[in-house]
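Every chain is numbered from 1, with letters handed out A, B, ... down the list of sequences. Fair warning: this is a prediction, and the values are worked out from it, not measured in the lab. The figures that follow rest on heavy atoms only: side chains count, while hydrogens, waters and symmetry mates do not.
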Amino acid sequence: MSDAPGRDFIRQIIFEDLESGKHDEIVTRFPPEPNGYLHIGHVMSICLNFGVGVENDGRTFLRYDDTNPGKEKQEYVDAIERDVHWLGFDWGDRLTHASDYFERLYESAEKLIELGVAYVDDLSAEEIREYRGTLTEPGKNSPYRDRSVEENLDLFRRMRAGEFEDGTHVLRAKIDMASPNMNMRDPTIYRIRHLDHQRTGDTWCIYPMYDYAHGLSDAYEGITHSLCTLEFEDHRPLYDWFLDQLQPEHRPRQIEFSRLNLAYTITSKRKLGLLIENNVVSGWDDPRMPTIAGMRRRGYPALALRDFVKRAGVTKKDKLIEMGALENCVREDLGDIAERRMAVLRPLKVVLTNYPEGQVEMMEAMNHPNNPDMGTREIPFSRELWIEQDDFMEEAPRKFFRLKPGGEVRLRFGYIIKCEEVVKDADGNVTELHCTYDPETRSGAGSSDRKVKGTIHWVSAAHGIRATVRLYDRLFTVPDPNGVDDFMDILNPDSLETVAAFLEPTLADVTGNDPVQFERLGYFCPDSKDHTVENPVFNRIVTLRDSWAKIEKQAMSGS
RNA sequence: UGGGGGAUCGUCUAGUGGUAGGACUGCGGACUCUGACUCCGCCAACGGGGGUUCGAAUCCCUCUCCCCCAGCCA
């Protein structure tokens, strides 16, 4: 690890705190609320918090911020643990919950009352809002603000005892109703919720608010650096205020960084939930979702995700990162590790008229062009083959290196073939190509060193495996859907395309969901939910870079 | 017309008074039994205006733009 460049502003602060002796151990925490699935934005936070811990031989807690029963579910708790582990991080025995501290938090709240800096308010939610004032006008004090310590204590204990209905009382911090910072205008500390909590059951009917519970939980765990996103910046004075009042043994410091936004995607848990409710996607782990579960199912490697957020960096500037940056990381990782296979997504029949009927040759194919250690496999070659519809053009432009009438092309790991005849149906659609092959040009062993410009992939018609392949695209049509209220209007109708494909036979019995490259097409993996040996279902993780597509695009816009 | 933050190539990011660098994208080329990979090259930025200084992205003044905050959500 070298210094200065490469160290973001948070790591710089931590470095200095270690240098100066302010801390001799770094303790961080990743504190999700279990009210939804983790998404790409959380990957950033996870990598930062756990990364900083690992880099400094420190400790990192996975702490559930479960202070709001009703919104939180065990399903989400389980998903979060799975996702963090999958990303490659481990919290050891440091799995905690804000709810672990409910008793301590309660006691501290009584202490705030005794200190005279907290009071029970009888105002309704609506009245509190009215009393709060606006961004430009100060608020005014609640008529209940000056109750005695005894009265407050009595009321608060009765709140806990369940004597009051939801919404009738809250405990508030007594700070400053005229503060220019809205968070300091006597924020609520406890509210009444006669609701079972997923962990504490019916033990409590009052629950602490985030601002109160969070800083103290940090303190209880000895967190040194409490890293959160920018929108909590003006909560920091309140975070510090609680610590000032209660003087816990450890004093954590909150530092804020900017969220990571990905172009053409949303990360609001609420909106993601709506996509599911409206059946736009199949669930939290739909491969189009920006959730960790979705990206995992899509086939994005954990390493690629980690690399991506590392490259995005930690700053305080709003980010809207291009999709291409993520895709680049995915390709970069997969390029080295994914074995190559052949598959035809949109089949067109080719008949080799001079190839003996019934003959089958086994062709040797490299599993990876740049890494012989990954071995070879054998693929059957026969008289009738599938090739990609896109690999044939009847009237081809000059730069088209694939098959055209009278033209030649190499079949990858096979022979050079020549297109002799185009067979069409009554409507003029091309249904079949009659070609001849050159026996001297067998891959590897060929006696001819003849070269042709194009090489295309293929699958033997008699041996190909039928499979469903799902092709994914962005979910939205605009770069920043976060800003759009009715996001149903900007959905990409083509975010999922399903095709019936033919796969080379070596793909017949894959069971895991290891990624492979379908040569010339992209990276694919068996779908973790729907794939079976009987009914193979593959997801396209990401396409390959396609410079031909660019040429085509230019030609289209140019003419 | 309150408060808190932020502005560097299209995108992300380095830089802390001394040649504005990297990554992604884009463009051009080499190579190629994947139009992939790899390699080479190119385009491209300090929000505006003043000031201090031999010298400013960096310091000062000023303006502009963007984001966040009025939950008994986190």
Is there a side-chain contact between [X] and the phosphate of [N], meaning an N or O under 4.0 Å from OP1 or OP2?
{"X": "Thr315(A)", "N": "U13(B)", "value": "yes"}
{"X": "Arg311(A)", "N": "U25(B)", "value": "no"}
{"X": "Lys71(A)", "N": "A74(B)", "value": "no"}
{"X": "Thr455(A)", "N": "G35(B)", "value": "no"}
{"X": "Lys317(A)", "N": "G5(B)", "value": "no"}
{"X": "Arg7(A)", "N": "G15(B)", "value": "no"}
{"X": "Gln517(A)", "N": "C37(B)", "value": "no"}
{"X": "Lys550(A)", "N": "G26(B)", "value": "yes"}
{"X": "Arg191(A)", "N": "C73(B)", "value": "yes"}
{"X": "Arg331(A)", "N": "C24(B)", "value": "no"}

Could you tell me the separation between the NE2 atom of His214(A) and the CG atom of Leu238(A), rounded to the nearest 0.5 Å?
-> 12.0 Å
Just how far is it from atom CG of Asn49(A) to atom CZ of Arg29(A), taken to the nearest 0.5 Å?
-> 5.0 Å
Just call it for [X]: base, sugar-phosphate, or nothing, with non-hydrogen atoms closer than 4.0 Å on any strand.
{"X": "Tyr207(A)", "answer": "nothing"}
{"X": "Arg132(A)", "answer": "sugar-phosphate"}
{"X": "Met209(A)", "answer": "sugar-phosphate"}
{"X": "Ile551(A)", "answer": "base"}
{"X": "Thr67(A)", "answer": "sugar-phosphate"}
{"X": "Ala325(A)", "answer": "sugar-phosphate"}
{"X": "Ile206(A)", "answer": "nothing"}
{"X": "Ile416(A)", "answer": "nothing"}
{"X": "Thr188(A)", "answer": "sugar-phosphate"}
{"X": "Tyr131(A)", "answer": "nothing"}
{"X": "Lys451(A)", "answer": "sugar-phosphate"}
{"X": "Arg340(A)", "answer": "base"}
{"X": "His235(A)", "answer": "base"}
{"X": "Pro138(A)", "answer": "nothing"}

Nearest-Å distance for atom pair [atom1]/[atom2], residues [X] and [N]:
{"X": "Ile192(A)", "N": "G71(B)", "atom1": "CD1", "atom2": "C1'", "answer": "16 Å"}
{"X": "Glu233(A)", "N": "A74(B)", "atom1": "CD", "atom2": "P", "answer": "20 Å"}
{"X": "Asn328(A)", "N": "G22(B)", "atom1": "CG", "atom2": "P", "answer": "17 Å"}
{"X": "Met177(A)", "N": "A70(B)", "atom1": "CE", "atom2": "P", "answer": "14 Å"}
{"X": "Leu216(A)", "N": "A74(B)", "atom1": "CG", "atom2": "P", "answer": "14 Å"}
{"X": "Glu231(A)", "N": "C67(B)", "atom1": "CD", "atom2": "P", "answer": "15 Å"}

Can you list the steps and then say if Asp186(A) with Tyr119(A) is a side chain to side chain donor-acceptor pair (under 3.5 Å)?
-> CA-CA 9 Å; Asp186(A) 289 11; Tyr119(A) 63 98; 2.6 Å; yes
Any strand counts, and the cut-off is 3.5 Å on both contacts for Watson-Crick or G-U wobble. Which nucleotide pairs with [N]?
{"N": "G21(B)", "result": "U13(B)"}
{"N": "C42(B)", "result": "G26(B)"}
{"N": "C65(B)", "result": "G6(B)"}

Given side chain to side chain donor-acceptor pair (under 3.5 Å), test Lys269(A) with Asn35(A) step by step and report yes or no.
-> CA-CA 8 Å; Lys269(A) 284 181 191 171; Asn35(A) 67 342; 2.7 Å; yes
Looking only at atom P, what distance separates C63(B) and G3(B), rounded to whole Å?
-> 14 Å
How far does the P atom of G22(B) sit from the matching atom of G41(B), given to the nearest Å?
->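 Nearest-Å result for G22(B) against G41(B) at atom P: 11 Å.
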Verdict with supporting geometry, Tyr190(A) and Phe156(A), ring-ring contact (aromatic ring centres under 6.0 Å, His included) | CA-CA 9 Å; Tyr190(A) 269 91; Phe156(A) 187 47; 5.3 Å; yes
Pair Asp218(A) + Arg63(A), salt bridge at N-O below 4.0 Å =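 The answer is yes: the pair qualifies as a salt bridge.
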Are Arg160(A) and Tyr106(A) in a cation-pi contact, defined as NZ or CZ under 6.0 Å from the six-membered ring centre and within 45° of the axis?
-> yes
Considering only heavy atoms and no angle criterion, is a donor-acceptor pair shorter than 3.5 Å present between the side chain of [X] and the base of [N]?
{"X": "Asn181(A)", "N": "G4(B)", "answer": "no"}
{"X": "Arg402(A)", "N": "G35(B)", "answer": "yes"}
{"X": "Glu256(A)", "N": "G5(B)", "answer": "no"}

Of the listed U25(B), G3(B), U13(B), the closest approach to the Lys319(A) side chain comes from U13(B)
Using the purine O4'-C1'-N9-C4 or pyrimidine O4'-C1'-N1-C2 torsion, is G71(B) syn (within 90° of 0) or anti?
->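 Glycosidic conformation of G71(B): syn.
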For Trp548(A) and G35(B), is the gap between ring centres under 5.5 Å while the planes differ by less than 30°?
->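 Given the distance and angle limits, yes, they stack.
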Would you check if the distance from the ring center of Phe232(A) to the ring center of Tyr239(A) is below 6.0 Å?
-> no
Is the count of non-hydrogen atoms from other residues, nucleotides or ligands lying under 6.0 Å from Lys319(A) atom NZ greater than 12?
->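 More than 12 within 6.0 Å, yes.
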